[in-house]
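Worksheet: one structure, shown below.
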Amino acid sequence: MSGDRKAWSWRQAFCQSDLPATTRLLLQTLSMFMNTMGESCYPSIEDLMKYSGLSKGAVLKHIEVARNAGWITISQHGFKGQRWKRREYVARWPDRDLVAPSTSERLDKSAEFEEKAGAPDVPPPSKKVVHEVYEGGAPDEPKVVHDVYQDKNSPLNNPIPVQKRESACKSGNDKNDNTGKSAQKTWLRRLKKVHATWPTYADDSTEMVEKAWFALSEAERTEAQRLASAYVDHCRNELKRKAVCAFSTYLREKKWERLPATSAGGTTTQHAKPYGKLWGVERFVDLLKPHYGNFPKPSAFLDGLLKGNGPASERERQQRKAQYGWPRVNAMQHRAQTSSKGVTVPNELVPLADEFTQVKVGSNLWRAWQALHEERGWPWLGVDRDLPEWVYLPRLVGVDASYTDDNKPEVLLGLVKRALENFEAVHGQTTNTTTATQEAAE
């Protein structure tokens with residue numbers, strides 16, 4: 001029996017062995033990547049997972065089972081100085097000394113023939129040879145004859161030429177590279193995370209944002225993500241702009257590169273933990289601005305309701321304002337609840353932290369603050385069960401905390417309104433600005 005026939009009978013041999021069914025499935029999958037002589041192949045773990053339907057853990061486990069049982073040999077195939085590397089799999093028998101030649105062995109053998117100014121004694125390319133195979137794969141099945149060219153080589157997974165491999169490593173186009181660069185899914189997840197905090201998130205074109213994002217280098221994406229909130233703060237606090245550009249424009253024009261050194265370097269900001277004093281300061285400073293969010297176009301029915309004069313219409317207008325009016329506050333609250341992440345606060349607002357005190361979630365004073373938010377159409381902090389036990393809110397003026405325990409809701413509502421007015425006044429003195437409410441009173 002010729003060498004290639006012996007090697008190819010490897011598939012029938014392991015199928016009739018006592019190997020576990022999953023191990024035989026894995027070997028069948030490996031054989032898809034070998035040529036008819038069972039020579040070496042280089043599928044990635046992802047390839048084996050895809051074509052076998054097994055999990056990564058199962059693939060790795062049963063590769064070891066097959067190797068320990070003596071049905072395959074495994075070696076690392078790569079190049080010195082290169083991080084590109086693949087596993088090389090070669091078929092073998094547990095009980096017989098028959099191993100299909102690896103790529104390196106064939107290359108060495110070819111080199112040996114060339115040194116001797118000779119070549120293997122094979123028919124010329126145009127000459128046909130006969131290859132007998134069993135129809136159906138069983139020995140007692142009728143035989144069929146294939147005419148093939150002697151120089152034909154058609155493995156399912158030919159080794160990639162050295163030059164192409166090196167080129168792939170340099171260009172970074174190898175799908176299974178091992179350079180540590182983040183996969184596209186990871187970058188897409190980072191994009192969604194930072195985009196959700198952008199003021200124009202609701203109206204941005206997802207397609208345009210993704211196109212601008214992936215047009216950047218990885219280093220540029222990292223900087224764009226890191227400085228996104230600093231750019232928004234710069235536009236509002238320093239440039240005094242009410243509107244911020246679309247996120248795709250921020251990415252396409254690389255606007256973070258235009259930030260002043262103080263804004264980009266983070267030397268003028270502090271981190272505020274969720275529901276703490278500084279976090280509360282940043283939240284109320286934003287709420288005291290006129291609503292600046294972009295409201296989506298309502299349906300015909302909702303549009304009629306919004307234009308109405310009854311309680312239902314007023315309630316719908318307030319709810320819509322709370323949902324879309326202050327996107328930064330909504331983003332702050334969402335991050336605090338889902339990932340316990342805070343925000344950066346300009347240093348000029350730090351003194352205002354002294355104007356905040358703890359309020360117990362679910363208390364009478366807490367309900368008064370909730371009523372004030374509903375009255376103003378502000379987004380509320382959330383459901384009680386999703387919040388910590390205590391949250392910092394503006395301190396009451398002229399009364400002790402115990403005074404709030406048994407008071408009526410309307411009395412407490414008056415107290416929190418005075419607390420808010422006091423915070424507005426202190427904010428104006430600290431930052432030398434006036435809020436929308438103060439401007440209307442004047």
Side-chain angles (χ1 to χ4, degrees), residues 197 269-289 291 315 318-319 321-323 325-431 435-438:
T197 67
T269 60
Q270 289 192 27
H271 180 73
K273 294 182 179 180
Y275 308 111
K277 289 184 177 182
L278 275 178
W279 190 87
V281 168
E282 178 68 13
R283 180 177 179 275
F284 272 92
V285 166
D286 198 70
L287 288 174
L288 290 172
K289 302 173 184 176
H291 59 81
R315 184 168 57 252
Q318 294 295 77
Q319 290 177 354
K321 189 162 65 170
Q323 184 176 2
W326 293 269
R328 177 165 172 76
V329 170
N330 283 318
M332 285 175 59
Q333 296 177 171
H334 177 74
R335 286 201 306 271
Q337 291 181 14
T338 59
S339 58
S340 300
K341 291 186 177 180
V343 294
T344 56
V345 179
N347 279 344
E348 65 176 357
L349 298 182
V350 171
L352 294 173
D354 294 335
E355 300 299 320
F356 277 66
T357 188
Q358 284 184 323
V359 175
K360 189 171 184 178
V361 173
S363 65
N364 292 336
L365 184 58
W366 175 261
R367 297 300 172 213
W369 278 110
Q370 184 176 4
L372 177 62
H373 279 67
E374 292 173 356
E375 182 180 293
R376 292 208 169 200
W378 286 350
W380 181 231
L381 287 153
V383 183
D384 290 0
R385 65 173 180 271
D386 297 331
L387 300 171
E389 184 178 3
W390 298 87
V391 173
Y392 279 89
L393 293 168
R395 65 179 179 85
L396 300 182
V397 181
V399 296
D400 188 78
S402 60
Y403 179 77
T404 65
D405 294 342
D406 301 318
N407 261 293
K408 295 181 180 179
E410 56 270 20
V411 174
L412 294 178
L413 181 58
L415 291 176
V416 298
K417 286 183 177 180
R418 285 180 57 195
L420 182 61
E421 291 172 0
N422 178 71
F423 173 74
E424 287 185 87
V426 176
H427 169 260
Q429 294 170 3
T430 303
T431 61
T435 65
T437 305
Q438 292 170 323

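- In this structure, His334 places its NE2 atom where only 12 or fewer heavy-atom neighbours from other residues, nucleotides or ligands lie under 6.0 Å away.
- Here the side chains of Val391 and Val359 are not in contact, with every heavy-atom distance at 4.5 Å or above.
- A distance of 5.5 Å separates CG of Leu396 from CG of Leu415, quoted to the nearest 0.5 Å.
- Arg367 is linked by a salt bridge (Lys or Arg N to Asp or Glu O under 4.0 Å) to Asp384, counting only residues two or more places apart in sequence or in another chain.
- By the side chain to side chain contact (heavy atoms under 4.5 Å, CB included) test, Thr344 pairs with Ser229, Asp233, Thr269, sequence neighbours left out.
- In the displayed structure, Lys341 atom NZ is contacted under 6.0 Å by at most 12 heavy atoms of other residues, nucleotides or ligands.
- The nearest pair of heavy atoms linking Gly382 to Leu387 is O-CD1, 3.8 Å.
- Contact of the Val343 side chain with the Arg335 side chain is registered, since non-hydrogen atoms from C-beta on lie closer than 4.5 Å.
- Arg395 is linked by a salt bridge (Lys or Arg N to Asp or Glu O under 4.0 Å) to Glu355, counting only residues two or more places apart in sequence or in another chain.
- Between Val350 and Gln270 there is a side-chain heavy-atom pair separated by less than 4.5 Å.
- The two residues Ala353 and Leu278 come nearest to each other via the heavy atoms CB-CD2, 4.3 Å.
- For Lys417, the salt bridge (Lys or Arg N to Asp or Glu O under 4.0 Å) criterion is met by Glu375, not counting sequence neighbours.
- Rounded to the nearest 0.5 Å, atoms CD (Glu424) and CG (Leu288) are 4.5 Å apart.
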- Apply side chain to side chain contact (heavy atoms under 4.5 Å, CB included) to Glu282 and Leu349, showing your working. CA-CA 8 Å; Glu282 178 68 13; Leu349 298 182; 3.5 Å; yes
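- For Trp326 (side chain) and Lys289 (main-chain N/O), a donor-acceptor pair under 3.5 Å exists by modelled atom type.
- Between Asp286 and Met332, the closest side-chain pair of non-hydrogen atoms is not below 4.5 Å.
- Remark: His291 NE2 is loosely packed, at most 12 non-hydrogen atoms of other residues, nucleotides or ligands lying under 6.0 Å away.
- Scored by the side chain to side chain contact (heavy atoms under 4.5 Å, CB included) test, Phe356 finds Lys277, Val281, Phe284, Tyr392, Pro394, Phe423 as partners (sequence neighbours excluded).
- Qualifying side chain to side chain contact (heavy atoms under 4.5 Å, CB included) partners for Gln323, counting only residues two or more places apart in sequence or in other chains: none.
- In this structure, Gln337 and Tyr275 have side chains that are in contact, with non-hydrogen atoms separated by less than 4.5 Å.
- Between Leu412 and Ala368 the shortest heavy-atom distance is CB-CB, 3.6 Å.
- When side chains are defined from C-beta on, Leu393 does not count as touching Thr357, because their heavy atoms never get closer than 4.5 Å.
- The aromatic ring centroids of Trp380 and Trp366 lie less than 6.0 Å from each other.
- With sequence neighbours excluded, the residues satisfying side chain to side chain contact (heavy atoms under 4.5 Å, CB included) with Gln333 are Trp279, Arg283, Val329, Asn330, Pro379, Leu381.
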- Task: Mind running side chain to side chain contact (heavy atoms under 4.5 Å, CB included) on Leu420 and Arg376 for me, showing each step along the way?
- Result: CA-CA 12 Å; Leu420 182 61; Arg376 292 208 169 200; 3.6 Å; yes
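- Qualifying ring-ring contact (aromatic ring centres under 6.0 Å, His included) partners for Trp390, counting only residues two or more places apart in sequence or in other chains: none.
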